*Asks:* 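This is the structure, below, for whatever I ask next.
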Amino acid sequence: MGPTRPRWGAAWTYLLDQADIGMGCALGTGGDMVVSLAEKHAPADVRDRVREIFANGFYSGEAAQMFTERTGGSDLAALETAATPAGDAWLLTGLKWFASNANGSAFVVLARLPEGAVAPFLVLWERRDGSRNGVRIRRLKDKLGTRSVASAEVEFTGAEAFLLAGPGSGSGSGLGTMMKLTNASRLGVAMMGVGVARRALVESICYAAAREAFGRPLIEQPLTRRKLGELIVEVEAAQAMVFDGHTGPRLRLGPALIKLRASRLGVTAASDAIEVHGGNGYIEQWPVARLLRDAQVNPIWEGGDNILCLDVRRAMEKEQAHLPFLAHLRTLATSDLVRTRIEDLAKAVEAWSSLDRATAEARLYPLAQFMADVYAAALLEDQAGWGLDDDRKALVARLYAETHLTDPGPLRGLDRPATDPFDTLLAGAVTL
């Protein structure tokens, strides 16, 4: 999906993802990765060819990442595609089980070197001599959603390829660079999740304003107002995280936590939108059924929840990444509640680090969720101080913190004072 990009690029992607995340995938599947690695490692003539292919920019729809095999997607130890040296090039043989944007022109492919290490390779549709390369599309995948982007099983039969790593080393700078770019591309998938959630919110509000039941519009009824109000708060929290990831400091923990929260929100928001639409939401004449089918891929692309949690562990253990993360949160928070929860999170990380290995791994998910909760709460408080819409943003920040960072008490919050903040939330969410 692409690394951290300027604000205009993030905003453009956000708008596109509200229309069709499949198209967003087709335009942004690893073009930056292909170009960056080719510039560092490809032979001069191949590098020139890559420059020609991407003359219109990274988001031209020309790239694809081909990692996943029948033996699994995230377990590199099970990778079977093999590379054989052929002069300054290599020949790849193997099958990639799931490759999106398979009709692109330049691919980053993971394959195994003769000594056993895994490395990234550049594969183009044509060989250097202009002949057809050994790349075969076995079949297109009949997918649940994202049908606007071609996903396929791709076979390499002696395909000409070029090593995108340091000389003679599959674990050299190329693989390290690729993994950093892959980690950054999680922000693109997170943007897809929040794009779907935003579209689901807009569709729900518009439908609830027009649909009448029991003598009045749905949007005037307390339970619907509760659901839509909560969705507005959750979408704005995810927005804050995603845009901080794209335009804020490059936090090592950021992409995993942001994708964990935003990609899952896309699924739940789309499901909520179907419920708001009732039976109409379950048929294809309305857009929300497609939103749910499309959203379900986001928790899978660029690593599922478990893989993201393992990456959080790796970042904390190897890079002490929680320290700059906590420092960033401390610069954002303004309330005593969120500041206290930041320090509680620091204590939670310390307690987690003392657990035995198996227990610590099992508890990674609640720890990561705690991190995401505090992260979003701190960002919303920071936004409330920007001077744009202080009262409303302060309300969003307070409601989010109350939901995610406070104990509702033995009565589960039923004894709280009666308030209905929906009109204030709606005023800044969608213009009807």
Side-chain angles (χ1 to χ4, degrees), residues 4 183 186-187 190 194 230 233-265 305 308-355 359-388 390-409 413:
T4 301
N183 193 45
R186 288 172 174 164
L187 294 172
V194 78
E230 290 177 354
V233 171
E234 294 300 325
V235 169
E236 294 194 22
Q239 285 174 342
M241 294 178 72
V242 171
F243 277 91
D244 188 62
H246 279 274
T247 63
R250 296 192 176 188
L251 297 171
R252 174 64 178 84
L253 285 179
L257 297 175
I258 295 166
K259 181 184 179 298
L260 184 71
R261 180 55 53 86
S263 61
R264 189 61 63 183
L265 177 63
D305 289 356
L308 297 175
C309 288
L310 291 174
D311 190 50
V312 168
R313 180 179 69 182
R314 184 182 306 111
M316 289 192 295
E317 290 181 342
K318 293 189 175 182
E319 304 173 44
Q320 296 292 293
H322 55 288
L323 298 179
F325 175 71
L326 291 167
H328 179 51
L329 299 190
R330 292 184 180 109
T331 68
L332 300 172
T334 59
S335 72
D336 290 340
L337 171 61
V338 178
R339 286 172 174 164
T340 298
R341 291 296 175 264
I342 293 171
E343 301 314 313
D344 290 341
L345 176 57
K347 295 174 184 175
V349 172
E350 184 178 358
W352 171 85
S353 65
S354 67
L355 299 172
T359 302
E361 182 172 322
R363 295 181 182 175
L364 276 168
Y365 184 78
L367 177 61
Q369 291 292 346
F370 189 11
M371 289 178 169
D373 288 341
V374 179
Y375 188 13
L379 288 169
L380 288 173
E381 287 196 341
D382 182 59
Q383 287 184 359
W386 290 357
L388 301 176
D390 288 359
D391 292 341
R392 182 183 175 278
K393 272 298 183 184
L395 173 64
V396 172
R398 177 176 63 80
L399 292 174
Y400 185 88
E402 286 179 355
T403 299
H404 292 271
L405 300 181
T406 64
D407 182 353

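As the structure is a computational prediction, the values presented were derived from the model and not from experiment.
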*Asks:* Could you give the distance from CZ (Arg264) to CD (Gln369), rounded to the nearest 0.5 Å?
*Replies:* 9.5 Å
*Asks:* Which heavy atom of Ala401 sits nearest a heavy atom of Leu337, and at what distance?
*Replies:*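 Nearest pair, atom of Ala401 first, then Leu337: CB-CD2, 3.8 Å.
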*Asks:* Identify the two heavy atoms, one from Met371 and one from Leu345, that lie closest to each other, and give their separation to 0.1 Å.
*Replies:* CG-CD1, 3.7 Å
*Asks:* Is there a side-chain contact between Gln239 and Gln383 (heavy atoms, below 4.5 Å)?
*Replies:*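 No, their side chains stay 4.5 Å or more apart.
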*Asks:* So, do Arg261 and Leu257 sit near enough that their side-chain heavy atoms are less than 4.5 Å apart?
*Replies:*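 Side-chain contact under 4.5 Å: no.
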*Asks:* Restricting to side chain to side chain contact (heavy atoms under 4.5 Å, CB included), what partner residues turn up for Arg313, sequence neighbours left out?
*Replies:* Leu310, Glu317, Trp352, Arg357, Glu361, Leu364
*Asks:* Are Arg339 and Glu343 within salt-bridge range, i.e. N to O under 4.0 Å?
*Replies:* no
*Asks:* Which atom pair, heavy atoms only, marks the closest approach of Ala372 to Tyr400?
*Replies:*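 Closest heavy-atom pair between Ala372 and Tyr400: O-OH, 4.1 Å.
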*Asks:* Rounded to the nearest 0.5 Å, what's the gap from CG on Asp244 to CG on Leu332? Could you check?
*Replies:*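 Taking CG in Asp244 and CG in Leu332, the distance rounds to 6.5 Å.
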*Asks:* Would you indicate whether the side-chain heavy atoms of Met316 and Leu367 approach each other to under 4.5 Å?
*Replies:*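 Yes, at least one pair of side-chain atoms sits under 4.5 Å.
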*Asks:* Roughly how far, to the nearest 0.5 Å, is CZ of Arg252 from CG of Asp311?
*Replies:* 4.0 Å
*Asks:* I need the minimum non-hydrogen distance between Ala262 and Ala190, along with the two atoms involved.
*Replies:* CB-O, 3.4 Å
*Asks:* How far does OH of Tyr375 sit from CG of Leu260, to the nearest 0.5 angstrom?
*Replies:* 13.0 Å
*Asks:* What verdict does the side-chain contact (heavy atoms from CB on, under 4.5 Å) test give for Leu253 and Val312, after you've listed the backbone C-alpha separation in whole Å, the side-chain angles of each residue and the deciding distance to 0.1 Å?
*Replies:* CA-CA 6 Å; Leu253 285 179; Val312 168; 3.9 Å; yes
*Asks:* What's the separation between atom CD1 in Ile258 and atom NE2 in His246, rounded to the nearest 0.5 Å?
*Replies:* 7.5 Å
*Asks:* Can you check side-chain hydrogen bond (donor to acceptor under 3.5 Å, both in side chains) on His404 and Glu234, steps first, answer last?
*Replies:* CA-CA 10 Å; His404 292 271; Glu234 294 300 325; 2.8 Å; yes
*Asks:* Using every non-hydrogen atom in the two residues, find where Gly245 and Leu187 come nearest and quote the distance to one decimal.
*Replies:* O-CD1, 3.3 Å
*Asks:* Answer yes or no: is there a side-chain heavy-atom contact under 4.5 Å between Val374 and Leu329?
*Replies:* yes
*Asks:* Spell out, as yes or no, whether a donor-acceptor pair under 3.5 Å connects the side chain of Glu381 to the backbone of Ser335.
*Replies:*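 Flag set: sc Glu381 to bb Ser335 pair under 3.5 Å.
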*Asks:* Would you say that Phe243 contacts Val194 through its side chain, given a criterion of any heavy-atom pair below 4.5 Å between the two side chains?
*Replies:*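 A side-chain contact is absent here, since even the closest heavy-atom pair is not under 4.5 Å.
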*Asks:* Is Arg341 close to Asp373 at the side-chain level, that is, under 4.5 Å between some pair of heavy atoms?
*Replies:* no
*Asks:* Could you give the distance from CG (Leu399) to CG (Leu395), rounded to the nearest 0.5 Å?
*Replies:*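 Leu399 CG to Leu395 CG: 4.5 Å, rounded to 0.5 Å.
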*Asks:* Do you know the tightest heavy-atom contact between His328 and Pro249?
*Replies:*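 Smallest heavy-atom distance, with atoms named: CE1-CG, 3.4 Å.
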